[in-house]
Asks: 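Please find one structure pasted underneath; my questions will follow.
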Amino acid sequence: MSSLMKWLSLPVTGMFSELKFPVPWGHIAAKAWGSPKGHPMLCLHGWLDNANTFNRLIPLLPKDYCYMAMDFGGHGLSSHRPAGFPCHFLDYVSEVRRVVAALQWSRFTLMGHSMGGTVAGMFSCIFPEMVDKLILLESGGFFPAPQDHDAWLESKQKVVESLLSLEQNEHQPHKTRSPQAALKRLLEANPHLTEESGKILLQRGATETPGGLVYNRDMRILKHNREFITLEQCVSFLKKIQARVLMIRAKDGLFSHEDPDKSKNFVKPLQDAFKSNLRESFQLVEVPGNHFVHLNEPEEVAGIISVFLEKDKDSKARL
């Protein structure tokens with residue numbers, strides 16, 4: 001019996017279940033909370049993170065929902081993409097469609113943190129009829145390409161060169177670290193994480209070997225390979241969104257430290273476009289905390305999200 005079928009037969013509990021969704025290159029891993037018959041929500045983590053980013057938030061949200069948090073390809077416990085190919089942003093959007101197809105969800109809620117919010121935003125434009133509510137945690141919903149065309153070309157050159165370099169070294173053994181060293185490295189790279197939050201992400205983001213812990217992530221995801229989507233295209237795309245949108249920003253988060261030019265050319269135009277196009281269907285809330293407020297201090301956002309979710313529930317998981 002598949003992990004999905006086993007999950008469907010489970011009674012309603014407060015525990016989570018591990019699932020695997022078959023894909024041509026392996027599987028997409030996920031974890032689920034709540035009843036399979038609850039109102040469906042798919043939760044999308046940020047870049048280099050994994051499904052554990054929602055471990056502390058989801059237990060605080062309404063109990064009549066079915067929460068499914070997936071690991072993007074190359075993250076957490078999901079399979080890596082086939083050798084020889086870079087990781088494209090649109091691949092993550094495709095993985096969302098694969099998972100909801102396996103679940104037979106025709107209409108559901110999307111919640112995404114950081115890069116996961118960007119994936120959720122794009123999915124909501126490509127498949128607008130499928131998304132009833134969209135929750136963006138520390139995410140603008142889109143991530144436009146650099147306006148400087150030379151900078152964009154340079155970034156693509158780095159992606160290609162990095163891929164070739166990784167292939168030349170693919171037979172070298174993976175670097176191992178002690179649990180303490182692995183956590184220290186993770187916290188150094190993510191200063192917004194508390195030690196407890198770092199441990200939660202590391203539980204799913206690393207595998208224990210005889211020599212120590214090895215990070216699970218596909219090294220190719222370290223190199224951003226965004227699509228060539230301009231700010232103007234992003235603003236045009238979001239007009240397709242049919243969902244009610246909740247955007248949560250942290251006072252000391254990702255956007256609070258952006259330079260004035262980036263805020264003017266990227267963050268504010270997107271925020272204004274959401275407001276002007278969605279009007280009463282768009283809500284922006286600022287909370288205390290940093291980029292990982294949903295994991296570090298989930299109480300700061302759980303109440304806001306719960307109120308948003310309880311409004312106008314109009315569909316159930318079709319399983």
Side-chain angles (χ1 to χ4, degrees), residues 41-47 88-94 96-97 107-149 151-152 155 224-287 289-291 293-294 301 304-305 307-309 311-312 314:
M41 179 193 290
L42 189 64
C43 308
L44 309 178
H45 64 77
W47 181 59
H88 291 279
F89 171 76
L90 198 59
D91 293 337
Y92 300 138
V93 179
S94 175
V96 170
R97 187 65 184 88
R107 189 166 172 81
F108 56 95
T109 296
L110 268 177
M111 177 167 65
H113 171 246
S114 196
M115 184 192 79
T118 304
V119 176
M122 185 57 66
F123 185 94
S124 298
C125 296
I126 299 175
F127 302 100
E129 71 286 349
M130 299 188 74
V131 184
D132 60 359
K133 301 180 187 71
L134 174 62
I135 303 170
L136 304 173
L137 299 171
E138 272 288 284
S139 172
F142 298 89
F143 195 24
Q147 295 192 35
D148 185 335
H149 291 182
W152 185 87
S155 71
H224 287 288
N225 193 15
R226 304 200 305 271
E227 306 301 321
F228 190 20
I229 300 175
T230 66
L231 175 61
E232 290 73 20
Q233 287 175 314
C234 292
V235 170
S236 178
F237 290 165
L238 67 81
K239 296 177 182 178
K240 298 290 185 180
I241 295 177
Q242 298 177 12
R244 290 176 48 240
V245 179
L246 171 63
M247 182 181 290
I248 296 180
R249 294 269 176 86
K251 290 183 179 179
D252 297 312
L254 187 67
F255 301 102
S256 62
H257 300 292
E258 289 197 325
D259 61 78
D261 287 339
K262 183 177 291 186
S263 179
K264 175 183 177 182
N265 296 324
F266 166 33
V267 178
K268 192 173 186 303
L270 283 177
Q271 180 179 309
D272 291 344
F274 270 109
K275 288 180 179 179
S276 62
N277 286 286
L278 298 181
R279 299 181 182 180
E280 67 276 1
S281 294
F282 174 71
Q283 181 182 2
L284 173 65
V285 180
E286 186 175 77
V287 299
N290 62 28
H291 188 52
V293 63
H294 70 290
V301 298
I304 298 168
I305 295 173
V307 171
F308 177 77
L309 291 178
K311 292 181 179 178
D312 306 324
D314 61 357

Asks: Any idea which heavy atoms bring Phe89 and Val119 closest together, and the distance?
Replies: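 Nearest pair, atom of Phe89 first, then Val119: CE1-CG2, 3.6 Å.
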
Asks: So, does Ser114 use its side chain to make a donor-acceptor pair with the main chain of Gly116 at under 3.5 Å?
Replies: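 No, the answer is negative, given that no donor and acceptor are paired below the 3.5 Å cut-off.
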
Asks: Output the distance between atom CD1 (Ile135) and atom NE2 (His294), rounded to the nearest 0.5 Å.
Replies: 12.0 Å

Asks: For residues Gln242 and Glu129, report the shortest heavy-atom separation together with the two atoms involved.
Replies: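 In this case the closest contact between Gln242 and Glu129 is OE1-CA, 3.7 Å.
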
Asks: Is it the case that the side chain of Asn290 and the backbone of Asp252 share a donor-acceptor pair, with hydrogens and angles ignored and the cut-off at 3.5 Å?
Replies: no

Asks: Measure the CD1-OG1 distance between Ile305 and Thr109 for me, rounded to the nearest 0.5 Å.
Replies: 11.5 Å

Asks: Please confirm whether the backbone N or O of His291 pairs with a side-chain atom of His113, one donor and one acceptor, at under 3.5 Å?
Replies: yes

Asks: If I take atom CE from residue Met122 and atom CG from residue Leu238, how far apart are they, to the nearest 0.5 angstrom?
Replies: 10.0 Å

Asks: Mind listing the closest non-hydrogen atom pair of Val285 and Gln283 along with its distance?
Replies: CG2-NE2, 3.6 Å

Asks: Calculate, to the nearest 0.5 Å, the distance between atoms CE and CZ belonging to Met130 and Arg97 respectively.
Replies: 4.0 Å

Asks: What is the minimum heavy-atom distance between Gly121 and Phe142, and which atoms define it?
Replies: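 In this case the closest contact between Gly121 and Phe142 is O-CZ, 4.1 Å.
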
Asks: Contact between Ile126 and Val96 at the side-chain level, heavy atoms closer than 4.5 Å - yes or no?
Replies: no

Asks: Could you label the plane-to-plane angle of the Phe123 and Phe108 rings as parallel, tilted or perpendicular, counting under 30° as parallel and over 60° as perpendicular?
Replies: tilted

Asks: Go through it in stages, so that I can follow the logic: the residues are Arg249 and Val267, the test is side-chain contact (heavy atoms from CB on, under 4.5 Å), and I'd like the CA-CA distance, side-chain angles, deciding distance and then a yes or no.
Replies: CA-CA 11 Å; Arg249 294 269 176 86; Val267 178; 3.6 Å; yes

Asks: Can you name the closest pair of heavy atoms from Thr230 and Pro144 and give their distance?
Replies: C-CB, 4.1 Å

Asks: Specify the closest pair of heavy atoms between Lys133 and Leu309, including all atoms of both residues, with the distance to one decimal.
Replies: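 Smallest interatomic distance, heavy atoms only, reads CE-O, 3.7 Å.
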
Asks: Any side-chain to backbone donor/acceptor pair from Ser236 onto Glu232? Under 3.5 Å, distance only.
Replies: no

Asks: Go through the steps to decide whether Leu270 and Leu231 satisfy the test side-chain contact (heavy atoms from CB on, under 4.5 Å), and finish with yes or no.
Replies: CA-CA 8 Å; Leu270 283 177; Leu231 175 61; 3.9 Å; yes

Asks: I'd like to know whether Leu137 forms a side-chain contact (heavy atoms from CB on, under 4.5 Å) with Met111, so could you lay out the CA-CA distance, the side-chain angles of the two residues, the decisive distance to 0.1 Å, and finally the verdict.
Replies: CA-CA 7 Å; Leu137 299 171; Met111 177 167 65; 3.9 Å; yes

Asks: Could you tell me the separation between the CH2 atom of Trp47 and the OH atom of Tyr92, rounded to the nearest 0.5 Å?
Replies: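 If I round to the nearest 0.5 Å, the distance is 9.5 Å.
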
Asks: Could you give the distance from CE (Met247) to CD (Glu138), rounded to the nearest 0.5 Å?
Replies: 10.5 Å

Asks: Considering only heavy atoms from C-beta outward, does the side chain of Phe274 approach that of Ile241 to under 4.5 Å?
Replies: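 Yes; the side chains approach each other to less than 4.5 Å.
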
Asks: For the residue pair Met115 and Phe143, establish whether any side-chain heavy-atom pair is separated by less than 4.5 Å.
Replies: no

